[in-house]
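To start, the structure itself, in structure tokens.
Numbers here are sequence positions counted from 1.
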Amino acid sequence: MTMSAAAGNGRDVSRTTPLRVDAQRNLEHVLRAAREVFGELGYGAPMEDVARRARVGVGTVYRRFPSKDVLVRRIAEEETSRLTDQARAALGQEDEPWSALSRFLRTSVASGAGRLLPPQVLRVSVEDGAAGPRVPQQRTQPGGTELRLVPDQPVAVASAAAVTAEDDAGTSELLEVVGQLVDRARAAGELRADVSVADVLLVIATAAPSLPDAAQQAAASARLLDILLEGLRSRPA
């Protein structure tokens with residue numbers, strides 16, 4: 001299959017074709033480089049930057065991922081799955097609702113998840129003529145939880161991945177589990193009544209700055225997250 005034919009069907013070739021050892025190694029290098037580059041520069045970073053970081057030719061990247069959208073979708077999908085696993089672990093291993101929510105946030109921020117939040121989870125849209133960040137919404141009334149994605153609008157990142165049914169399923173699963181963390185903490189009176197899943201996702205994104213020094217980045221993230229967690233907690237009347 002030619003590169004153009006592969007690009008036409010939009011498949012992630014790395015998932016459908018058995019790989020030789022050297023090809024598998026190149027794929028791992030490309031995926032690691034993509035996480036680093038997109039984490040530092042956002043999903044608008046060019047494929048050439050990914051290839052340079054992976055120390056392979058850009059043609060090697062395109063042989064595995066026939067378009068940038070396919071690579072972005074792969075990274076975003078893996079990040080969604082990782083965040084879902086982290087949320088489930090917090091739910092299953094922490095008895096106290098606030099401990100579960102704060103553990104999920106600390107784990108997600110420490111892993112750098114905020115810099116790789118999938119485009120369909122945190123996107124920018126225009127509503128009623130006013131531009132601003134929009135994220136999946138959640139009703140905050142007790143017993144009335146509803147999770148939904150903001151209707152698809154032009155996204156303020158270059159080459160944002162097209163949202164597929166598989167993407168929606170993974171995103172819905174993430175929102176469902178994080179919603180359980182939020183509902184438990186709110187029901188226990190430990191989380192502000194107006195805090196939603198959207199706010200939790202914003203915390204993950206906000207508390208993950210990209211700094212050149214790893215130690216500085218970890219310290220800044222931990223400090224910022226402490227401040228944001230205090231803002232999420234309910235206060236005695």
Side-chain angles (χ1 to χ4, degrees), residues 1-20 22-84 108 111-126 131 133-136 149-175 201 204-205 208-212:
M1 181 182 290
T2 65
M3 186 182 301
S4 60
N9 60 36
R11 290 184 304 135
D12 181 345
V13 209
S14 66
R15 291 186 169 179
T16 57
T17 308
L19 301 177
R20 301 186 315 270
D22 59 336
Q24 179 63 37
R25 188 180 304 115
N26 282 341
L27 172 62
E28 291 169 357
H29 288 166
V30 167
L31 289 173
R32 186 182 306 114
R35 289 187 191 95
E36 292 174 357
V37 169
F38 293 148
E40 293 168 11
L41 305 176
Y43 283 122
M47 292 283 262
E48 288 77 9
D49 283 3
V50 174
R52 194 175 303 114
R53 183 73 61 93
R55 296 185 179 180
V56 299
V58 71
T60 298
V61 179
Y62 277 110
R63 274 194 295 275
R64 301 265 55 93
F65 301 96
S67 74
K68 183 180 171 183
D69 281 353
V70 175
L71 177 57
V72 167
R73 196 155 55 236
R74 171 72 175 266
I75 298 299
E77 180 184 304
E78 290 182 353
E79 199 59 34
T80 300
S81 178
R82 179 162 66 149
L83 283 170
T84 304
S108 300
S111 70
R115 293 186 295 277
L116 289 168
L117 276 174
Q120 70 269 21
V121 171
L122 184 61
R123 59 172 67 246
V124 174
S125 68
V126 177
R134 305 290 296 170
V135 293
L149 290 177
V150 171
D152 198 8
Q153 296 287 343
V155 182
V157 290
S159 191
V163 179
T164 66
E166 185 178 356
D167 293 330
D168 278 344
T171 299
S172 296
E173 189 175 9
L174 170 64
L175 298 178
L201 295 175
I204 294 173
S210 181
L211 300 176

Counterpart residues, salt bridge (Lys or Arg N to Asp or Glu O under 4.0 Å), relative to [X] (two or more places apart):
{"X": "R53", "result": "E36, E40"}
{"X": "R25", "result": "none"}
{"X": "R52", "result": "D49"}

Going by side-chain contact (heavy atoms from CB on, under 4.5 Å), name the residues that satisfy it together with [X], two or more places apart in sequence or in a different chain.
{"X": "R115", "answer": "A208, S210, Q217"}
{"X": "T84", "answer": "T80, R88, E173, L174, V177"}
{"X": "S111", "answer": "R82, Q86, A113"}

What is the minimum heavy-atom distance between [X] and [Y], and which atoms define it?
{"X": "R35", "Y": "I75", "answer": "CG-CD1, 3.8 Å"}
{"X": "F65", "Y": "V70", "answer": "CD2-CG1, 4.0 Å"}
{"X": "A51", "Y": "V61", "answer": "CB-CG2, 3.7 Å"}
{"X": "L71", "Y": "M47", "answer": "CD2-SD, 3.6 Å"}
{"X": "F38", "Y": "L116", "answer": "CB-CD2, 3.7 Å"}
{"X": "L31", "Y": "E78", "answer": "CD1-OE2, 4.4 Å"}

Does the pair N26 and R64 meet the rule for a side chain to side chain contact (heavy atoms under 4.5 Å, CB included), with working shown?
CA-CA 9 Å; N26 282 341; R64 301 265 55 93; over 6 Å; no

